[in-house]
Each structure stands twice: as C-alpha cells, then as structure tokens.
Amino acid sequence: MQIWRYIKSTQALVQLTGQSIKLSVLALAMSLLLSCAQLNLGLPGSHDGVLPVADNHHMPQAIKDLLGQADQQFLQGEYNASLATLERALRIKPRYPEVWSRMAQVYLYQGKFPQTRQHAERSNSFIKNNADLKYFNDKLIQTAREGIQP
Amino acid sequence: MPAKKAKASTKTSRKSKKHSKSAPSSNTKSSSKIKHVLFNQYAYMVYSAFAILFISYVVYLDVQIREKMSGRIWSLPSHVYARPLELYQDKVLSIEDLSKELTHLNYHKTNTRPSQAGEYRILNGSHIELIARDFTFWDGKQKSQGVRLSIYNNKVGKIHELYSDKSISLLRLEPAKIAGIYPAKKEERQIIKLSEVPDDLVVALLAVEDRRFYQHWGLDPRAIARAFLANIMAGQTVQGGSTLTQQLVKNLFLSPDRTLVRKINEAIMSLLIEFHYDKAVILEAYINEVYLGQSGSKQIHGFELASQFYFAKHLKQLRRDQMALLVGLVKGPSWYEPRKHTDRAKERRNQVLQLMFEQEIISEVQLNKYSQLSLGLTNKPSFSKNRFPALVDLVKRQLQQDYNEDDLKSAGLRIFTSIDPIVQSKVEASVRRILPRLERDKNASSELQASVIVASSQQGEIKAMVSDRNPDFPGFNRSLDAVRQVGSLIKPAIYLSALQQPRKYTLATLLDDTPLHIKTAKDQTWSPQNYDKEFKGQVSLLQALNTSRNVPTVRLGLELGLADIADTLHNLGVVRDIPTYPSMTLGAFSLSPLDVANMYQTFAASGFHVPLKVIREVHNKDGKPLKRYPLESEKTLNEQSVYLVNHVLHEVTQTGTAKSLKRNIPHDLAGKTGTTDDLRDSWFAGFSDESLAVVWIGRDDNTNTGLTGSSGALSVWTNVMQQLDISSFSRQPPPGIENHWVDAQSGGLSEKYCQGAVELPFISGSAPIEKVECKSGGILNQLRRLFN
C-alpha cells in the first residue's frame, strides 16, 4: 500500500511537471511494479496504473502523448475513456504491444477478465524483444484467469 | 352573443305564432311564458353544452401544447459521422486528400492567413494553415486549434501551432457528417440554447417580426389592425400581423392552410402557450423551429443550422450583415433563396439592416458598409446529400440491434463510425474504373456487379464498402446480402484444419493428386477435377494450396472430417451454418462478402478473431456518450498454424494464382483467389499489415461472368490497394516456429541450396526426420553451398 501511495504521489507530480519528468517517473513506476511482482505483492492488485514502457524511445510522439492521456484517464477512473484513447493509438500504430497491454490492464480494473486475457495475449503476439512486458502480460493473464479484480 | 339572442327571440315569436293558431287564446299568454322558460332552459343547455365543448377543446389544445413543449419538441434526425482525420508527423496523406476532407467538412478556403475556425489556406502547394473547429468527442470537448503543417511526397511533416513555433504531436479534425437518418418529414435542425444566440440577432429578429413580443400575451391586436389596414390599402395580403408566438404555434402544431378554423386555433394556442411558458422559452423554441431553407428534400430549420447551411459557420460567428440575411429569410425562404435569387435576397437583407440601424444595433457607417457587402455565401454544403448508401445501411443494421427504429429517426443520436471517406472515394473510383474495363478488355459478361469491403487488419474496423457498380445507388446491398458460393476461398480453412495437427500435417506433407471418385447420398458418383484438368500424382500441402488444386483438397478435407472444417470456419469468424457435404471442401456453399471479410480478418490478425464493425460510439443529442462499441479480439486459433497458412497465402501472391501482385505492388501481401463453377463468381480476399480487402464480382442473375478470381476480382483488389497507405504484412514468426530446408518433391529434410530444396517454416518439432540425399543442383547452387 505504501508503494501504491508512492506511485499515486509520483503521478500527481507528473501532472504538475512536464513530459520529461513524466517519462522518468514512468520508468521508476515500472521498476517498482516489477519489484512488486517479484516480491509477490500481487502486481496488478495495486492501483498503480502505469505499465512498463521500457523502450519507448522508438515511439512516435503522437503515440506517447496518447498513452499519457490514457494513463491520466485511467488514474481518474475513466476507464472507458482510457480505452477509447488507447484504441485511437492503435489506429495510428496497431502493433505496439505496450498499447495492447495497457488495454488489458484497464479491462482488468473493469473486471472484464476475458477481454483482459485477450488483449494481453494479443500484446504478447506483438512483442519482439521485451521480456519485462511479456512477464507483465503473463501476470495479467494469470490474474484474469483467477478472476481477481484489483 | 347579442346576435345569437336576437336570432333566438325571432325563432320564439315564430313558434308562438304557430301555436296561436291551434290553441285557445286564454291560454296563450301562460303557455307562451312556459315555453319561454322552457326555451330559456333549452338555450341554457345548448350554451352550456357549447361551453363544455369549447372548454374541452381548449383543454385538448392545452394538453397538446404541454406534451410537445415539455417533451421532445422536435424529431431530431440521427446523424452518421465518418472517422475523424488524425494528423501527425509521417502520416501518409496527399494535399489533395486533405483538401477534399476539408471541403467535406465545409471549411472555407481563404487567400489570407485563416482567422477563424473552419478556414484554411494552402501555400506553394505544400503548406497548409488551418483552424480546426471545436468538437465534442467521446473523450470530451476538443477546443478549436490553429495549426500549420507541410506535406511533402504525400507525407505529413512537423505540425506547429499557427501563431507560434510550438510543435503539436497530434491534431484530430472534427469528423465529417456523412448521412442523416430521418423521420418521415425530412427536417434538419441543430438545437441552440438562447444564451448562445447573439443578442444582435435577437434584437433584429424582434424588430422585423414582432416588435411588441415582450408586451403582448401571444396576440398583438395592434399589429393585426395595422396589417389589416395595410392589406386593404394594397388590395392583397402584403403584411402579416402574426406574433412570434403565433408563428411558432403555426409551425409546431398546425397546417399551413389559411382557414378561419386554423386562425382561431392559432389564437387560442398562442394564448395558452404564453400562459404556460415564459418569453425566453418561446423565443428559444422559435429560433430552433423557424423554417429557413431547403436542401434537396431536406428542410433547414432553425437559425443555427441555417447559419451553417448558408455560411458554414456557427451562429455566434456571424457578422451582422449575415445575421440580417437570416432574419430577412424568415419572411420567405424560397422567395428570397439567396443562392438562387441573389439580388432579391440582398435587397431584403438591406431592408433588415435598415431596421437594425433604426434599432441602433448598427451605426450609419456600418449600415452603409454592410449594405455594400456581397452575401458571403459558401457553396451548398455536402450534408444535403446522403453519401455512401451501402455503409450507412450497414450502420443502420448494426444500430437496430441496440436501438428501435423510432429512436434512430427522431432522438438525434450522433453515431461515430470508422468510415474513411478518403479510402471510400478511392474504392468507389476503382470500381467505376475497372468494371467497364473488364467488360471491354477481358470479354467478360456485361452487367457485372461488384462488392468491395476494406477494413483495418488488426482492429477490424470497416473503412470502406461498395455494394454496387454505381456506388451512389442505394439499392441491393451486395456486401451484406449477396450470399454467393465462395469456391477456393474456403481452402485456407481446410489447410488450417490440417496444420492444427502438426504431428500429422506440415507444409511439406505430400498429398495425393490422383483421380478421386466419391459416392454421394443419391447413389451417384462425384469426381472432382482440378482447374487445369490434370493430375500431378503427388503435391506438397504448400503447393496444393498455393496453386489451388481441387482434388488433393477434397481428399484432405474428407480425411480431416467435414465437421472439423466447419469448426475451423466458425473459429475463423464465419457465423452462418456450414453444410457438411463433400463438395463444401471446394466452397460449394454460400457466404456474403462481409462473411468472407470476417473470415480473412482472422488470418490478417494472426489467429485473433476481431468481429468486423463500423460503429465506434453513439452519443445522444447533447453530445453525451451513450454506448461504445469496443474493440474485441479473441484468440480462436493457434498462432503457429495460422502463421503457416499465411506463409502460403503470401506465396500465392508471389508464385501462385495471384502472382501478378508481386509485379504490381511492392509490398509483401497475402491473399487467395476464388472462382466458382461456370465462372459465376470471381473473388479475391487478401491483406497487408494495415488493410484487409475483399472483392467479389458476379452477376445478379448468377450466370457466367467470364472471369476467374485472378482475372476479375484481383484486378479491382490490386487497384484499390495501390491507392492505399499500406506496408508489408508482418512475416515475423511467432515463438514456436522453426525453419528447415526440405526437398519439395519428396518432402524429406534436405540442405540449403540443394536442388529442389525449399526453406519452409514448421511448428517446432514437426519437421520431417527422414533426410534425403542432396541433389547437387546447378553450379551456382554448388558455389552457394560451398560458401555457406
């Protein structure tokens, strides 16, 4: 829970500061999440809201901005709006596994387990070289199978 | 009343005279008294009945008024919107396509730097400056934004704010309205709140139409008297004495006939409406109701829509001379129709300007300036015509699952779709161009018909659809309703069924291509033939699919079991019942082009079935989200076996029945031709990384077209894909795939560059174990092996 609060506060910081800080916070949150997972703290259980975007330097700015927007909507509990924004990103670039994985996570928070599994599997099918994201997706699939809503 | 009484008394006296002849005179007085009393009672009853009737009638009118005013006052047509165009760096887009999009959005092209929303200019044929309008999307309201961008070699460069160097990563233009779903009476309107109506327009409107609006109770006796006098002087009707309230009542409830009964109704209802509602409500209703023009069969109602119809601007953006024109039009929208009768309309506008001057809305200098101006009209906007009938039909059918017909026609829904007008116009152009060419050059039958569907490969969003060789014709929707035999399009499903058993079948497995005789149910024998009427002995599974051989396919299908194939088809997304007779293995059953598109979408998305859809979101009339149709994506098939089939479908476009594609399109594509008996149907289904397209060509009477899949449908498919922004479909293998060199003839393991050896993908562990001797091959192959 401490970690969750920490991530929430870093998110508040993101809103206050600019994009550059945001990216580093995303990376920080990612490492925290992964450590969460490794420590078996029930990774998707905390309302963290930020997914691994390990190598997002290759992403066009438009996609990065849409992901940022989707994150904000997700954190505000506007799950449907977040999904709509992520679909917008897919229309521009349909093969970024990060986008599909985020959708899976939003569905998990909505308690829509079949969709969580489907989108995480789809994300996996687009991963070329991102073991962290694969690990994260598998975790999402497992959580969805067990039917545990965060 | 006095007149009636007089009449009544004459009647009485007449009656009494009658009686006096037959009755004794002594009784005359008393009986007449009684009669008088009786008559008074009788008259009283008649009066009471009249009064009750009258009151009931007023109550009836009152109910009518309150029902209409408190509920949904107007039937608002629902509107279908195209996808919003997203602009970002590196997006493939030509200046021409962007200009077309802006034209459809009723943007006004200027020669100076755009100064208000809805204006754009093009500089040197490559730079565009525009101010996007605000719009309420699913995710909230997007503010109007001015940008400048350049387009070189059909690619968007960096985007900047119009008046600064700040870069913008993404700009979403508002979506174009492509069709309306109308109630029986084709009224178009856009509701505006009174608070959003410019004050000047209200003052001008009252000055012209009803100066004592805020003083009267619905009727203005002074105005009626004035009009009466004026009309008598002129000898004809030159002036109306109707208040705004009366005009509103007339428009909302009554017929346009000039009868006395209607006039009385109008007066009563006007008083009632004033009794129930305050002036602001009445004025707002009037501003939204008033009829201000005609666009084809559609009536333009309300000032907001009229403003967009004549000036392509919101009401609040209008100059005062433009407001004056709209106010002037109230008197007679067809008589003063400004696009037709410019001089007449100008004269009327100037009359209104004069009144505005008298009301001190404008100064004398302004009056002179405005009176000189031209009307400033835009071209007739495109919403006057419903575009893309086949797509709109699909939208309606998908909506009917969630909404009833009445709501669709009257609830003012805003339906956002994935329809891409740029792609659609290219597909339409291809059909218009290629079909006559096929009829001319390939000796194909005349009266060919076609269906084309284009969707996004990964998300299954339908972008374009044509269902008639004349795409504007809203007739039979072939893409949905022409259920035709699919021929060889079914083959990938059979081979996929086989490849899902990797221990038994691989791409190198040899299949029997020898004569086959099958006993059918009616004690008859069916002997399937190959297209070339030959038998090759043995062919690899890859070659059998690549060159679309019939006999090995039938044999394979029977070996697998027809029910298994039907299951695979369902997993691919086909929802129709699949028959299980042997000839189904050659596609002797019927699907619609949309069914086929659903099936091939699953190949395009590597085994994830995404049901094709066209609607993204539905909003209510106030822009509030009602329903979202989210992306659904279900893994129904094993990725590895789909990868193997896609490997062959790519081979089809390189060396197989669609090898012309290799020459015509410089990208890796995958697809399959389909031809049915007697050349009745010509099919091609295929995909790139982004786009999936299905083309069907045939005749409505189901007779010979003279075309195969590759000579007919493939020509249209090629032409469509050449115009789209596509890139090679991803041939990246999923985990669990390994490549091996095998001898194509024997199917045994071989080595790189051996003669007759080909490199094939296998599901891990399924490659043949048996090795064959490496045939040395030519000198080049020997050298390659040496240096490998």
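On a predicted model such as this, the values are computed, not experimentally measured, just so you know. So that the names make sense, note that chain A is the first sequence line, chain B the second, and so on, each numbered from 1.
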**OP:** Using a cut-off of under 4.5 Å on heavy-atom pairs, state which of Arg88(A), Glu121(A), Arg117(A) scores highest against chain B.
**Re:** Arg88(A)
Original post:
In terms of side-chain heavy atoms, does Asp65(A) have a donor or acceptor partner in Ser169(B) at a distance below 3.5 Å?
Top reply: yes
Original post:
Residues in salt bridge (Lys or Arg N to Asp or Glu O under 4.0 Å) with Glu87(A), at least two apart?
Top reply: Arg91(A), Arg628(B)
Original post:
Can you say whether Gln73(A) sits under 4.5 Å from chain B via the side chain, the backbone, both, or neither, judging by heavy atoms?
Top reply: side chain
Subject >> Inter-residue atom distance Glu86(B).CD - Leu66(A).CG, 0.5 Å rounding >> reply: 7.0 Å
Original post:
Does CG belonging to Asp622(B) count more than 12 external heavy atoms closer than 6.0 Å?
Top reply: yes
Original post:
With sequence neighbours left out, what residues match Pro94(A) under side-chain contact (heavy atoms from CB on, under 4.5 Å)?
Top reply: Gln458(B)
Original post:
Can Leu631(B) and Met103(A) be said to form a side-chain contact (heavy atoms from CB on, under 4.5 Å), step by step?
Top reply: CA-CA 10 Å; Leu631(B) 166 66; Met103(A) 292 183 79; 4.2 Å; yes
Original post:
How would you list, in number order, the residues of residues 607-617 of chain B that have a heavy atom less than 4.5 Å from chain A?
Top reply: Phe608(B), Val610(B), Lys613(B), Arg616(B), Glu617(B)
Subject >> Side-chain heavy-atom pair Asp139(B), Gln69(A) within 4.5 angstrom cut-off >> reply: yes
Subject >> Glu690(B) versus chain A, the contacting section by heavy-atom distance below 4.5 Å >> reply: neither
**OP:** Could you tell me the separation between the CD atom of Gln61(A) and the NZ atom of Lys158(B), rounded to the nearest 0.5 Å?
**Re:** 10.0 Å
**OP:** State which residues pass side-chain contact (heavy atoms from CB on, under 4.5 Å) with Pro761(B); sequence neighbours excluded, sorted by chain then number.
**Re:** Leu507(B), Tyr643(B), Leu644(B), His647(B), Ile737(B), Asn739(B)
Original post:
Is the closest side-chain heavy-atom distance between Pro60(A) and Gln89(B) below 4.5 Å?
Top reply: no
**OP:** Could you look at Ser456(B) and say if it's the side chain, the backbone, both or neither that has a heavy atom under 4.5 Å from chain A?
**Re:** neither
Original post:
Going from OG on Ser633(B) to CD on Gln118(A), what distance comes out if it is rounded to the nearest 0.5 angstrom?
Top reply: 6.0 Å
Original post:
Hey, what do you get for NZ (Lys128(A)) to OG (Ser730(B)), rounding to the nearest 0.5 Å?
Top reply: 6.5 Å
Subject >> Choice from Leu83(A), Asn80(A), Ile92(A) maximising heavy atom contacts with chain B below 4.5 Å >> reply: Ile92(A)
Original post:
Hey, does Pro630(B) have a side-chain heavy atom less than 4.5 Å from the side chain of Tyr107(A)?
Top reply: yes
Subject >> Pairwise distance CZ(Phe137(B)) to OG1(Thr85(A)) - rounded to 0.5 angstrom >> reply: 11.5 Å
Subject >> Segment of Glu639(B) engaging chain A (4.5 angstrom heavy-atom cut-off) >> reply: side chain
